[in-house]
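Some notes on the structure that comes next.
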Amino acid sequence: MKSLAFYSKEGIGDVLLLTNGITDEDHLSYERKGDVTIIRDQTNDQVMGINIHRLSKHFKVEGQGLVKLNKEQEMLVKNLIKEAGFDLEVEIDREEKFVVGFVEECQAHEDSDHLNITQTRVSEDEVLQIVCGAANIAQGQKVLVAKSGAVMPSGAIIWPGELRGVPSRGMICSTRELGLEDIQNDPGIWVLPNHFEVGTSLAEVIQSY
């Protein structure tokens, strides 16, 4: 289970939340042992989340919201889950989620008058199919991609899904969605200058402006 880690002591309490997706709340089951709660999708028994209660008793994390645990903290989490009696493999997702992408293909969605299906390269060896509704999307553009697991400024998390029956793994962003209107405030997606390399992080892009 590759998970995002969230912590907000004032908002939620002293609980580390690990999540790897979303499902209908009506289909969730909860099992707690000691300071560990496992959340499963009852339809397929897949583990969707793990809560580590009374976290500060075990270790402290820096920051609020999405947090990046280090290797030592990840090992502590694994030990807590094992000591609680759960046989689960957990890996903390540290992958950069906002990166420069290149739209290699852009085809009109057959069941929509405004959606386009793109094949967008986000690294040397990874191409994502992303369905995009922006009027200015086109083949050959450099764009800013929120990959699966990205946490938007609004708090929404980008997960794989479908749009009009077509799988989509990510989101091609506008500056407004990223809270970066001071850089550019044009309608539609953020079309980047061509000199940015595929895979460049959003932080590096911002630094260049």
Side-chain angles (χ1 to χ4, degrees), residues 1-99 122-123 126 128 130 144-162 168-171 173 177-180 199-206:
M1 172 180 167
K2 196 169 187 178
S3 303
L4 301 176
F6 294 87
Y7 183 73
S8 177
K9 188 172 184 179
E10 293 184 2
I12 299 175
D14 190 20
V15 183
L16 182 70
L17 308 177
L18 305 180
T19 182
N20 68 338
I22 56 173
T23 190
D24 189 331
E25 290 188 6
D26 293 337
H27 297 154
L28 294 179
S29 66
Y30 303 85
E31 182 181 6
R32 179 167 178 172
K33 296 180 182 179
D35 285 338
V36 179
T37 296
I38 304 299
I39 304 164
R40 289 186 171 90
D41 184 335
Q42 293 177 308
T43 62
N44 55 21
D45 205 37
Q46 180 180 352
V47 175
M48 304 304 298
I50 301 174
N51 295 348
I52 309 295
H53 305 274
R54 299 190 293 176
L55 181 69
S56 57
K57 185 182 78 171
H58 306 289
F59 64 89
K60 293 184 179 180
V61 296
E62 297 295 330
Q64 295 281 313
L66 179 66
V67 293
K68 293 187 177 181
L69 304 186
N70 58 39
K71 290 288 187 180
E72 180 181 357
Q73 291 169 329
E74 180 176 345
M75 186 57 64
L76 289 170
V77 167
K78 290 180 177 180
N79 289 339
L80 287 168
I81 294 169
K82 184 177 181 180
E83 290 168 3
F86 294 107
D87 184 18
L88 296 172
E89 288 296 325
V90 176
E91 180 184 355
I92 301 302
D93 192 344
R94 300 185 185 86
E95 182 183 64
E96 185 64 50
K97 297 301 183 183
F98 293 93
V99 299
V122 293
S123 72
E126 185 177 21
L128 301 179
I130 301 176
L144 205 293
V145 175
K147 299 172 67 176
S148 295
V151 181
M152 304 299 291
S154 66
I157 305 175
I158 305 301
W159 297 115
E162 290 188 359
S168 183
R169 296 177 52 224
M171 176 180 177
C173 303
E177 290 162 333
L178 296 168
L180 297 174
T200 301
S201 71
L202 174 59
E204 293 176 87
V205 172
I206 293 173

Note to self: Can you tell me if E162 has over 12 outside heavy atoms packed within less than 6.0 Å of its CD?
What the structure shows: yes
Notebook entry, point to check: If you take all heavy atoms of Q64 and S8, which pair is closest and at what distance?
Noted result: OE1-CA, 3.1 Å
Item checked: Between CG on residue L18 and CG on residue D93, distance to nearest 0.5 Å -> 11.5 Å
Check: Stepwise, does the side-chain contact (heavy atoms from CB on, under 4.5 Å) test hold for I92 with K68?
Finding: CA-CA 8 Å; I92 301 302; K68 293 187 177 181; over 6 Å; no
Margin query: Evaluate I52 against V15 for side-chain contact (heavy atoms from CB on, under 4.5 Å), listing each step before the verdict.
Written below: CA-CA 5 Å; I52 309 295; V15 183; 5.8 Å; no
Check: If you measure from CG on N20 to CE on M48, what distance do you get to the nearest 0.5 Å?
Finding: 5.0 Å
Enumerate donor-acceptor pairs with a distance under 3.5 Å from any side-chain N or O in residues 33-41 to protein atoms, sequence neighbours excluded.
unit_1, atom_1, unit_2, atom_2, d
D35, OD1, R54, NE, 3.0
D35, OD1, R54, NH2, 2.9
D35, OD2, R54, NH2, 3.4
D35, OD2, K57, NZ, 3.0
D35, OD2, H58, NE2, 3.0
T37, OG1, H53, NE2, 2.7
R40, NH1, E31, OE1, 3.3
D41, OD1, T43, N, 2.9
D41, OD1, T43, OG1, 2.6
D41, OD2, T23, OG1, 2.9
D41, OD2, T43, OG1, 3.3

For residues 76-83, run the donor-acceptor check on the side chains, cut-off 3.5 Å, and write out each pair with its distance to 0.1 Å, sequence neighbours left out.
unit_1, atom_1, unit_2, atom_2, d
K78, NZ, V90, O, 3.4
N79, ND2, M75, O, 3.4

Notebook entry, point to check: Donor-acceptor pair, D14 side chain versus S56 backbone, under 3.5 Å?
Noted result: yes
Notebook entry, point to check: Could you walk me through whether R94 and K71 pass the side-chain contact (heavy atoms from CB on, under 4.5 Å) check?
Noted result: CA-CA 10 Å; R94 300 185 185 86; K71 290 288 187 180; 3.7 Å; yes
Note to self: So, taking the atom named CG in L69 and the one named CD in E91, what distance separates them when rounded to the nearest 0.5 Å?
What the structure shows: 12.0 Å
For residues 144-154, please give each side-chain donor-acceptor pair under 3.5 Å, one per line with the distance, not counting sequence neighbours.
unit_1, atom_1, unit_2, atom_2, d
K147, NZ, E95, OE2, 3.4
K147, NZ, E126, OE1, 3.1
S154, OG, A156, N, 3.3

Note to self: Working to the nearest 0.5 angstrom, can you tell me the gap between M171 CE and W159 CH2?
What the structure shows: 15.0 Å
Item checked: Identified side-chain contact (heavy atoms from CB on, under 4.5 Å) counterpart of L16 within the set N51, L55, I50 -> L55
Next item on the list: For residues L66 and Y7, determine if any side-chain heavy atom of one lies less than 4.5 Å from a side-chain heavy atom of the other.
Entry: no
Item checked: Distance (rounded to the nearest 0.5 Å) between L202 CG and K97 NZ -> 14.5 Å
Next item on the list: Without swapping roles, check the side chain of E96 against the backbone of T200 for a donor-acceptor pair under 3.5 Å.
Entry: no
Checklist line | Test log, rule side-chain contact (heavy atoms from CB on, under 4.5 Å), inputs T19 and F6 | finding: CA-CA 8 Å; T19 182; F6 294 87; 3.6 Å; yes
Note to self: Let me confirm one number: the CD1-CG distance from I130 to L128, rounded to the nearest 0.5 Å.
What the structure shows: 5.0 Å
